Amino acid sequence: MTDQTMAAGRGPSADSGGVKRIDYAPTALNPKPSRRYYIWMMAPSIILLAGISIYPFIWLIYMSLHTVGEVNQPDVWNDFKNFTRFATDGKFHNGWLLLLQYSAMCMALEVGIGVLLAVILNRSKLEKVLVTLILMPMMMAPIITGLVWLFLYNGAFGWYHWLLQSIGILGPTSVLGDSDIAMFGIVAVDVWQWTPLITLITLAGLKRVPQDQLEANMVDGAGPFRNFVSIALPNIYPFLLIAVLLRFMDNFRFIDAILVLTGGGPADATNILPVYLFDVSFQYFKLGRGAAIALTLLLVTIVLGMVLVKLFEDPRRKIKHTGFD
Amino acid sequence: MVAVNIQSVWKYYGKTVAVKDLNLLCRENSFLAILGPSGCGKSSTLRMLAGLEHISAGDIFFGEQRVNMLPPKDRDIAMVFENYALYPHKTVFENMANPLRLRGVDKAEIDRRVKAAAAMLQIDALLDRKPMQLSGGQKQRTAIGRAIVREPKVFLFDEPIAHLDAKLRAHMRGELKHLQRRLETTTIYVTHDQLEAMSMADNIAVMHEGVLQQFGTPSEIYNHPANEWVAGFVGEPPMNFLNCRLELTSEGVVAVHPACRIRLNDAQRRILEEKQAEPDVKLGIRPDNIAYRAGANSGLDIPATVFVTENLGGDMIVEVTLGDDRLTIKTKIGPIANLDDPCTIAFDVSRIHLFSTTTGVAYF
Ligand SMILES: Nc1ncnc2c1ncn2[C@@H]1O[C@H](COP(=O)(O)OP(=O)(O)O)[C@@H](O)[C@H]1O
Ligand SMILES: [Mg+2]
């Protein structure tokens, strides 16, 4: 081994006795692909993006600054009135509050149940079959989901209505008719439909948890729960983050099921901001006001999304080893 | 510090049998090596000891306690894994502290013990690093450190130094043995490298295809292999085998090979008679126990021809052709010979082994 390395180092003229000296540098480096090459490669997607995303977005900003006229009427600049009126818009405030409640409840339940299901499924022999079954709600169009649950909640013949009433949880009014309970009603629908997504993503994460680390930790003295928290969780964290982000952004914009189920009622109890936005824009046709609400919603979504990423981003980096001294 | 007793243990993975009826005893505070080629069931055995694998049949005792149903955390063991299995998001300190933290040892004590272990392993300068920033040898020391911070009842090593480079491996062999002597902890060490087993262990258990082939001290395994397989597996370069036929002549018992005749000594003759050996045998002899001289009629008993010579620096490996067989000989360095150069060789008869052709079991 050493013989060979020495010989190789000496180069072709072994009799010179010394190590070959490099007294030159390459005169030209291999060229990198030019910038223009990259621009051409990206052009199609940029053009497509401009058409379907950037153009409407600019229109949105434009509308939010005007009183958008009805058919054949001109748009009128209104000195940011669409925004300033937020201060006095009770439904707008209520919408935000409800949206945050709704999305927090959905998230907590979906992540909790989703991860639990994933952990159970991961050990199961029937994993493949069960995953397919569990995924079914996710495959349904939200409108259809809304209709199905509308039937289930129906005060006259709804099966859940009957069930909840017989075990004494529900009073005489139906789930969606009671302003105290309606919110839980729509949360249940979202949880039913989207928990499988969390399960699926977590399951993918669990598959990548290194078996040897789990075993080492067990030998080190960890029980199943400690093992999950200290080895599996850090490994599925990035996956969970993506799942939570997806769900959180969806909750801020998916209203199909809610429109079918309650339409924001009763007494605005489920009138979360996107529903209110829908009403303003497409029921009352105040497109300028609607655009302003949409913009704030977008802004908050982006900011919250970034906060979430920061918050979840490798929590382990924050744990600083001090050596206890 | 307990004895480890493996009694009639079997391991099935579905239909494949990984361990067959294994009986082993590792005495208190002794160092047992389980040696065998890859796939022979060494890791399965160790994992059953650790509680990471279900014991299909049989019992394992730590001292008086039957541990079959005990989860790993309650067995009071420490294990070093083949690929180290460090926690990538924890520092070296935290990796080593993990077993102590999980057992609720207080912080000052953790700090003291981790630092002591790190000093012993000479990784005290690396405590703040993550495993990714470590070399193979440093990772391996960290993994050992994690095992020794806790003074467990039993150490389990699964090929802990297999992935290190040759020089570091040689160094670590010494270190590990020293460590075991110093800590006086019952140790079971799995390896496919006979050098590791021979140099470190008090006892070696040789396994092949899930079956224990031989249990004994390193010198017993080397000098008195129980069967042809062990004889061929242990020793580097491996033992030579020749198919011979035993004949009783006026000079005594002679092992007859198409190209040579080897007269056995009286002690060997008595053993063969005692064991009622069949006439067809396999003769085994280690490369060090054959003498070699270059040139025709150079003075030794058996004429042969050179196949190839390999220079090892101080020693030389000569392969010679004897009839249809090829023999490996290890000898002091001499002139390089070419293909088909004549030479003479001689066997050290007292170091000959004979094996039954049918069962492979050693007569001596
Ligand atoms: N989890 C497993 N599932 C199925 N077969 C396994 C499993 N682990 C090991 N085996 C089989 O058992 C035999 C022994 O394996 P192992 O104990 O890992 O051998 P070694 O450590 O000696 O290389 C091998 O044939 C291997 O293929
Ligand atoms: Mg193995």
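Each chain gets a letter, A, B and so on, in the order its sequence line appears, and its residues count up from 1. Both backbone and side-chain heavy atoms feed into the values below; hydrogens, waters and symmetry mates do not. All values derive from a computational prediction rather than experimental measurement.
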Exercise for review: Name the region of B:Arg75, side chain, backbone, both or neither, that has any atom closer than 4.5 Å to a heavy atom of chain A.
Suggested key: neither

Practice item. Identify which part of B:Leu100 has an atom lying under 4.5 Å from any heavy atom of chain A, answering side chain, backbone, both or neither. Key: neither

Does [X], at its [atom1] atom, have more than 12 non-hydrogen atoms belonging to other residues, nucleotides or ligands within less than 6.0 Å?
X	atom1	result
A:Met139	CE	yes
A:Phe225	CZ	no
B:Glu151	CD	no
A:Phe184	CZ	no

Study note, to complete from the structure: Against chain B, residues from residues 103-113 of chain A with at least one heavy atom under 4.5 Å, in numeric order, are none

Point to revise | Inter-chain contacts: residues 200-216 of chain A against chain B, heavy atoms under 4.5 Å | key: A:Asp212, A:Gln213, A:Glu215, A:Ala216

Practice item. Using a cut-off of under 4.5 Å on heavy-atom pairs, state which of A:Gly223, A:Gly221, A:Ala222 scores highest against chain B. Key: A:Gly221

**Study point:** Closest non-hydrogen atom pair, B:Arg146 against A:Asp220
**Key:** CD-OD2, 3.3 Å

Point to revise | Straight-line distance of A:Met218 CE to B:Asp74 CG, nearest 0.5 Å | key: 11.0 Å

Point to revise | Gap separating the CG atom of A:Asn217 from the NZ atom of B:Lys73, nearest 0.5 angstrom | key: 12.0 Å

Exercise for review: Answer yes or no: is there a donor N or O on one side and an acceptor on the other, between the side chain of B:Tyr87 and the main chain of A:Ser230, under 3.5 Å?
Suggested key: no

Practice item. Could you check which of B:Ala50, B:Ala143, B:Gly51, B:Pro88 has the highest count of heavy-atom pairs closer than 4.5 Å to chain A? Key: B:Pro88

